[in-house]
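Quick notes on the structure that follows.
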Amino acid sequence: MTRESKITPVGAGHIHLSLLWKISITTLIAGLIPLLILSVTALNGYNSASEQATGVAANALDAKSAQSLQLRAIESAQSLSRFLDELVRDTKTLTLLARAPESYIAFYQASQSEIWYRTGSVNSPQDRRQAIPLYREIAYIGADGRERIRIVDGRALPDSELRDVSLPSNTTYRTENYFNDTRALKKDDIYVSHMTAWHTSLPNLQPGGIAISGETDGAAYARYEATMRFAAAVYNAKGEFDGIVVLSLDHRHIMEYSMHLLPDAEQPSTPYADYRTGNYAYIFDDEGYTISHPLLTRIRGMSAEGQLISPIISGMSDDERKKHPFNLNFSDALNQETYKDVMAKKSDIKIITNIGGTQRATIYAPIPFSYGVYRNKGIFGGIVIGTSTKDFHKAADKVGSIIEAQSQSVENSMYLVALAAIIILVLTAALVTSTITRPLVRLSRVVKKMEDGELDSENLNMILNQRIEDEVTKLAQVFKKMAIQVQLRETKLKRQIEELNIQIDEQKKARQVAEITETDYFQNLRSNAQGMRDRFKGRDST
């Protein structure tokens, strides 16, 4: 038995891929992999550096923001402290004035300052600055406790309206004891009361507690009534007690030191801070009660009976909160700590959550003052500048956004550079592979022509005439020599074949003739033909 061998056709079962594509793909892979690795490494490095830069910048800016706000709190506290000292000096000055209505009215008119608020409707607010007297009342009270002179809103009251304030029930807020407390002081000492006002939950007594639909918060502030009493004893020529003089400060002049403060460096002040934003300042006194706040309901106040209203405590409803002031000592632990720090004359920054549930950065500073009810502690209270944590990080977030934008810009640039590099790489690969494969393609065409027995001199010469010789050129030179030799051999072989064919044809013809003449049929035919020629010759002779 014979075994047949099967020859698999060239290319059967294989994927055909031209040399051009092979070289192009290889070149691209060799070029793209390092490029991609470099790009990814560079981007990761830049992003990491950007994040670190953002973190460093954020921490630095947060620290700077905290320091800046702390300086503002300290500066505001010191300014208020100096103002309180000026009020003490005014009180001492009043003891030297002639105790006459004309002198007091002149003093009243000379003592003015400005308040700033936003009035009008919510839809059409109007910023207003208004100069108002420092003191709502100026009074001289005799040694018996009866008012001798009382100036209210620039007008001297008639005798029928003068009161015996030795009885607290006869005072404006029905429980004040400033006459007896001042008379009990040492000579040259000054009496200063806590801030005193009807709470805003008593709109019939507190004009600032009347809510008018659609008006701004600042409009209520413009009507708000509250006082602080400054008093000093006066003596006659014999050095005997001759009564007291009283300056009743319009408490809004104290509130002005916090009402307009904002933690935003770009907008450090406002006519009236919006409590809802979490960005506002407030003041609390030595007992922890709020005495200045954008929400007037939060401020320390008296009941209709003249008793201090208890502070807000946890569990109260929103409606109930509006009827009570805020006191740091009845709030959370962080507010209590703020109060303790201020009483210890410390300034600091803390992150706390206010009553409304908003997380805030709180910066506070103590207000030094050592007169009247504040003498023992030596602190009037504290001023607090608060901001939502989002706004506190505003500067850092802004820088972070700039760095992020720069990072994105660089990243986009790197993508463009990478894309341009890929395009250049593709074009370069195409050019290089074309330079390599174009002669090979031509050479393959020459080979195909050779299969048909022709020499493609045009393509072969184009390869040989390249300015820069390479291996393909040398291969073409060898191929040309080989092709010429093949052609010569083929021509010679054809001639030999032709000559051989002629000889074969002649031999074949002779053999064929011999084969024909040697047959019996041809011999008989030939004999018959000879016989016929002989007969014809005999006829012709007769």
Side-chain angles (χ1 to χ4, degrees), residues 67-97 107-117 129-138 185 188-196 226-232 245-263 268-270 273 280-287 289-293 299-300 338-339 341-348 363-385:
Q67 183 181 19
S68 175
L69 286 175
Q70 192 169 15
L71 288 174
R72 288 186 65 194
I74 292 172
E75 181 183 357
S76 297
Q78 290 176 346
S79 295
L80 179 52
S81 178
R82 289 192 293 270
F83 176 66
L84 291 169
D85 288 339
E86 290 175 5
L87 298 176
V88 170
R89 287 193 290 272
D90 278 358
T91 306
K92 292 180 178 180
T93 298
L94 187 63
T95 63
L96 303 176
L97 293 180
F107 185 86
Y108 170 88
Q109 292 174 344
S111 303
Q112 294 196 5
S113 188
E114 187 179 76
I115 64 170
W116 185 25
Y117 57 92
R129 294 181 182 271
Q130 180 182 2
I132 62 172
L134 283 178
Y135 307 106
R136 292 188 60 83
E137 297 180 13
I138 300 177
L185 291 176
D188 297 329
D189 206 349
I190 301 295
Y191 169 86
V192 183
S193 73
H194 283 111
M195 169 266 183
T196 310
T227 63
M228 279 183 63
R229 311 282 191 190
F230 289 75
V245 291
V246 182
L247 290 174
S248 298
L249 175 73
D250 188 327
H251 183 67
R252 288 177 296 177
H253 293 293
I254 298 287
M255 297 170 72
E256 282 291 299
Y257 284 85
S258 70
M259 275 299 189
H260 314 299
L261 290 178
L262 287 180
S269 61
T270 179
Y280 60 90
Y282 67 92
I283 300 172
F284 63 89
D285 65 15
D286 66 322
E287 293 181 339
Y289 280 98
T290 302
I291 58 173
S292 176
H293 197 282
I299 297 177
R300 172 181 184 138
T338 298
Y339 171 79
D341 281 352
V342 165
M343 291 299 105
K345 301 181 181 181
K346 294 180 182 178
S347 176
D348 203 353
I363 301 91
Y364 53 86
I367 304 167
F369 188 63
S370 301
Y371 290 92
V373 295
Y374 310 99
R375 181 183 296 104
N376 293 335
K377 296 175 182 176
I379 296 292
F380 177 77
I383 188 164
V384 178
I385 300 176

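Just so you know, residue 1 is the first one in the sequence shown, and it goes up from there.
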Looking only at heavy atoms, which two atoms of [X] and [Y] are closest? And how far apart?
| X | Y | result |
| --- | --- | --- |
| Leu185 | Ile190 | CD1-C, 3.6 Å |
| Ser113 | Leu134 | CB-CD2, 3.8 Å |
| Ile383 | Ala73 | CG2-O, 3.3 Å |

With a 4.5 Å heavy-atom cut-off, do His194 and Tyr289 have their side chains touching?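 The answer is no, as the side chains (C-beta and beyond) never meet within the 4.5 Å cut-off.
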Sub-3.5 Å donor-acceptor pair from the side chain of Ser81 to the main-chain atoms of Ala77, do we have one?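 No.
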Measuring from atom [atom1] of [X] to atom [atom2] of [Y], what distance do you get when rounded to the nearest 0.5 angstrom?
| X | Y | atom1 | atom2 | answer |
| --- | --- | --- | --- | --- |
| Gln112 | Asp250 | CD | CG | 11.0 Å |
| Ile299 | Met195 | CD1 | CE | 5.5 Å |
| His253 | Met228 | NE2 | CE | 12.5 Å |

Side chain to side chain donor-acceptor pair (under 3.5 Å) partners for [X], two or more places apart:
| X | answer |
| --- | --- |
| His251 | none |
| Ser79 | Arg82 |
| Ser248 | Arg229 |

Could you walk me through whether Phe284 and His293 pass ring pair (Phe, Tyr, Trp, His ring centres under 6.0 Å), step by step? CA-CA 9 Å; Phe284 63 89; His293 197 282; over 10 Å; no
Kindly check if the number of other-residue, nucleotide or ligand heavy atoms within 6.0 Å of CD (Gln130) is above 12?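 For Gln130, atom CD is crowded (more than 12 foreign heavy atoms under 6.0 Å).
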Kindly list each side-chain donor-acceptor pair under 3.5 angstrom involving residues 363-372, sequence neighbours excluded, with atom names and distances?
unit_1 : atom_1 : unit_2 : atom_2 : d
Tyr364 : OH     : Asp341 : OD2    : 2.5
Tyr364 : OH     : Lys350 : NZ     : 2.6

Contacts of His260 that satisfy ring-ring contact (aromatic ring centres under 6.0 Å, His included) - sequence neighbours left out: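 Once residues adjacent in sequence are excluded, the partners of His260 under the ring-ring contact (aromatic ring centres under 6.0 Å, His included) criterion are Trp116.
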Any side chain to side chain donor-acceptor pair (under 3.5 Å) pairs touching residues 84-94, not counting sequence neighbours?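 Sorted result for residues 84-94: Asp90-Tyr135.
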